[in-house]
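The next block holds one structure in the form of structure tokens; read it before the comments.
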Amino acid sequence: MSAASCLLSEAQFQCSICLDVFTDPVSTPCGHNFCKNCISQHWDISERCHCPMCKKVFETRPELHINTLFSKMVSQFRRKAQQKAVVDHKTHEFVPLREEYEGRKAELGKTEAEIQQMIQKRQLKIQEIKESVKMSKDAADREKAEGVQVFTALKESVDRRLNELIKEIKDKQETTKKQAEGFIKDLEQEISELMKRSSEVEQLSRSKDHLHLLQSFSSLKAAPTTKDWIEVSIHPPSYEGTVVRAVDQLKETLSKDMKKLFEAELKRVQQYAVDVTLDPDTAHPYLILSDDGKQVHCGGEENDLPDNPERFSMFLCVLGKQSFSSGRFYFEVQVTDKTKWFLGVGRESVNRKEEITLSPEKGYWTVAELDKNIYVALQDFPVRLLLHPALQKVGVFVDYEEGLVSFHDVDHAALIYSFTGCSFTEKLYPFFCPCDNDDSGVNSAPLIISLVNQ
């Protein structure tokens, strides 16, 4: 038997799982052969029983029986291989078979190292996922604790003011009641004295003793000492405005508590501040950008700029250079001295060559000042925002995974508006529109990307 035929025979009698000569060979229903122990272990760790060679799936695990005929052939091959090894050793023809064996062992070692590396990576990923779950739970616990603290304080404020209101009303009623009881006591005392006088007068009128009647007449005829009750009355206390004043005081208290809450929320989102600069390649030709990329305003004439695909052609706007496709980010923009502007974020795929409809459906999440102190959030239908006083600096916060875009009044630590439940599937860019300057140039002040002061 030549070396080539020996190697060919080895391939024919080799298990595809362990890559060694068959031990207790068994056949699957699809006709492929494996070591009994190899295929059994393979099925033990697999979700479904299938053939490793042809991938055929078996609905029930096949019962394996040793292939007697094939087992005898394997035994004969082993004996011949051993005899061949002896002959080759004597004739120095064993070298090719040994090299093949060593090559296979080296491949197995490399495969084992790769598998171990894959296992290690997956173990690290499990650890990473567990750590993310722990961080999420910790964040949720902190948020719940803060929520409980805030709402408990609010509830205590409401309960305290309600108790004060009830006590105020009760005190007024108690004062009225005591006054009435005093009047009733005086009246009952006078009635008692009058009834006594009436009894004396009645007895005297029946007396036959003329001398006694004449002697007592003067004292009984004199008017008894009583109060003039005509002008005396009980005036029920006025409760007009009591509840309104209580609610107004409660509103003032809650406003202070809400301000503290919004201040804490603003500080929280400011932690995610990023350095945003304007992208000149996206700017409409009428816009003028500062050299540092932090300011933009509308110029008086069109700039000679290349009409590249990124540039807006029909709307006076510009995007930030920085894009975001995960996580959280925050930036602030000064809008002082402006009467019209749009501000927010936009999707990468927005149409830049046609008229723009600013709405989430079209890929924009923005708020705007349409005219002096007239503010809106641009949902599918504009939502009017009642803001007092006028905005000076706007903070924009995005939580990509949460689908949240919120706008903040930085100077007064107040929440302006939030877009919630958004579905982000592509890059987001900061969006700026300073609008035109009007005929009188009133709106000529720039939008300024500010340094976030934490």
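Sequential numbering from 1 along the given sequence is applied to the chain's residues.
Heavy atoms of other residues, nucleotides or ligands lying less than 6.0 angstrom from CD of E401 number more than 12. Within 6.0 Å of the CD atom in E402, the count of heavy atoms belonging to other residues, nucleotides or ligands does not exceed 12. The local environment of CG in N453 is sparse, with at most 12 non-hydrogen atoms from other residues, nucleotides or ligands closer than 6.0 Å. Within 6.0 Å of atom NZ in K353, more than 12 heavy atoms from other residues, nucleotides or ligands are found, so the atom counts as buried in its surroundings. Residue Q149 places its CD atom among 12 or fewer non-hydrogen atoms of other residues, nucleotides or ligands, all under 6.0 Å distant.
By the 4.5 Å heavy-atom criterion applied to side chains, F315 and L358 are counted as neighbours. A 4.5 Å side-chain heavy-atom check between R61 and D44 finds at least one atom pair inside the cut-off. Side-chain contact between H235 and T176 is absent, with no heavy atoms from C-beta onward closer than 4.5 Å. With contacts defined as side-chain heavy-atom distances shorter than 4.5 Å, the pair P446/V296 does not qualify. Residues K321 and P280 form a side-chain contact, since some pair of their non-hydrogen atoms from C-beta on lies under 4.5 Å apart. Put simply, the side chain of I356 does not reach to within 4.5 Å of the side chain of K362, judged on heavy atoms. Taking 4.5 Å as the limit, some side-chain heavy atom of T277 sits within range of a side-chain heavy atom of Q322. The side-chain heavy atoms of E302 and H284, taken from C-beta on, include no pair separated by under 4.5 Å.
Side chain of R311 to main chain of A283: a donor-acceptor pair is present (N/O by atom type, distance under 3.5 Å, no hydrogens or angles). A side-chain donor-acceptor contact under 3.5 Å links K294 to the backbone of V276. Side chain of T111 to backbone of E107: a donor-acceptor contact under 3.5 angstrom is found. Looking only at distances, a side-chain donor or acceptor of Q14 sits under 3.5 Å from a matching main-chain atom of L19. Side chain of R328 to main chain of F397: no donor-acceptor pair is present (N/O by atom type, distance under 3.5 Å, no hydrogens or angles). At least one donor-acceptor pair under 3.5 Å links the side chain of W43 to the backbone N or O of H50. Side chain of R161 to main chain of S157: no donor-acceptor pair is present (N/O by atom type, distance under 3.5 Å, no hydrogens or angles). Checked by atom type and distance alone, the side chain of D248 never pairs as donor or acceptor with a backbone atom of V244 at under 3.5 Å. No donor-acceptor pair closer than 3.5 Å links the side chain of D281 to the backbone N or O of N308. Judged by distance alone, the side chain of H408 and the main-chain N or O of L415 form no donor-acceptor pair under 3.5 Å.
When all heavy atoms of R245 and E168 are compared, the closest pair comes out as NH2-OE2, 4.2 Å. Summarising the geometry of F419 relative to T366, their closest heavy-atom pair is CZ-O, 3.4 Å, with the distance given to 0.1 Å. The two residues T357 and Y364 have their closest heavy-atom pair at O-CD1, 3.8 Å. Shortest non-hydrogen contact noted between C298 and N437 is O-ND2, 2.9 Å. In plain terms, the two heavy atoms of S40 and L64 that are nearest each other are OG-CD1, 3.9 Å. Between L316 and Y286 the shortest heavy-atom distance is CD2-CB, 3.6 Å.
From N303, atom CG reaches atom CG of L287 across 8.5 Å, with rounding to the nearest 0.5 Å. For the atom pair C18 SG and D20 CG, the distance stands at 5.0 Å (nearest 0.5 Å). The line from CG of D399 to OH of Y272 is 8.0 Å long, rounded to the nearest 0.5 Å. Put simply, NE2 on H297 and CD1 on I448 are 11.0 Å apart, with the number rounded to the nearest 0.5 Å. Atom CE of residue M53 and atom OG1 of residue T28 lie 9.5 Å apart, to the nearest 0.5 angstrom. Taking SG of C435 as the start and CG of L370 as the end, the distance is 8.5 Å to the nearest 0.5 Å.
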Next item on the list: List the steps and the verdict of side-chain contact (heavy atoms from CB on, under 4.5 Å) for K177 and E181.
Entry: CA-CA 6 Å; K177 180 182 176 183; E181 288 174 347; 3.1 Å; yes
Next item on the list: Determine, step by step, whether R268 and E265 satisfy the salt bridge (Lys or Arg N to Asp or Glu O under 4.0 Å) criterion, reporting the C-alpha distance in whole Å, the side-chain angles of both residues, the deciding distance to 0.1 Å, and the verdict.
Entry: CA-CA 5 Å; R268 182 184 302 175; E265 179 64 17; 3.6 Å; yes
Margin query: Test salt bridge (Lys or Arg N to Asp or Glu O under 4.0 Å) on D138 and R142; report intermediate values, then the result.
Written below: CA-CA 6 Å; D138 292 343; R142 287 194 302 271; 5.2 Å; no
Check: What do the steps show when you test F407 against L385 for side-chain contact (heavy atoms from CB on, under 4.5 Å), and what is the final call?
Finding: CA-CA 12 Å; F407 297 85; L385 305 175; over 6 Å; no
Checklist line | Q116/E112 under side-chain hydrogen bond (donor to acceptor under 3.5 Å, both in side chains): CA gap, chis, key distance, verdict | finding: CA-CA 6 Å; Q116 290 299 323; E112 174 65 15; 2.9 Å; yes
Next item on the list: With side-chain contact (heavy atoms from CB on, under 4.5 Å) as the test, would you mind laying out the steps for Y330 and Q271 before giving the verdict?
Entry: CA-CA 8 Å; Y330 173 86; Q271 297 178 72; over 6 Å; no
Checklist line | D24 vs N37, side-chain contact (heavy atoms from CB on, under 4.5 Å): CA-CA, chis, key distance, verdict | finding: CA-CA 8 Å; D24 296 333; N37 189 47; over 6 Å; no
Using atom types as modelled, flag every donor-acceptor pair under 3.5 Å from a side chain in residues 421-433 to any protein atom, sequence neighbours excluded.
from	atom 1	to	atom 2	distance (Å)
E426	OE1	E348	N	3.3
E426	OE1	S349	N	2.8
E426	OE1	S349	OG	2.8
E426	OE2	S349	OG	3.0

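Exactly one residue among K338, K340, K372 makes a side chain to side chain donor-acceptor pair (under 3.5 Å) with N443. That residue is K338.
With salt bridges taken as basic N to acidic carboxylate O contacts below 4.0 Å, one links K137 and D141.
Side chains of E131 and Q127: no donor on one and acceptor on the other come within 3.5 Å. At a cut-off of 3.5 Å, with distance as the only test, no side-chain donor of T339 or E369 sits close to an acceptor on the other residue.
Aromatic ring centroids of F13 and F70 lie under 6.0 Å apart.
Ring-plane geometry between H32 and F34 is classed as tilted, the angle between the planes lying from 30 to 60 degrees on a 0 to 90 degree scale.
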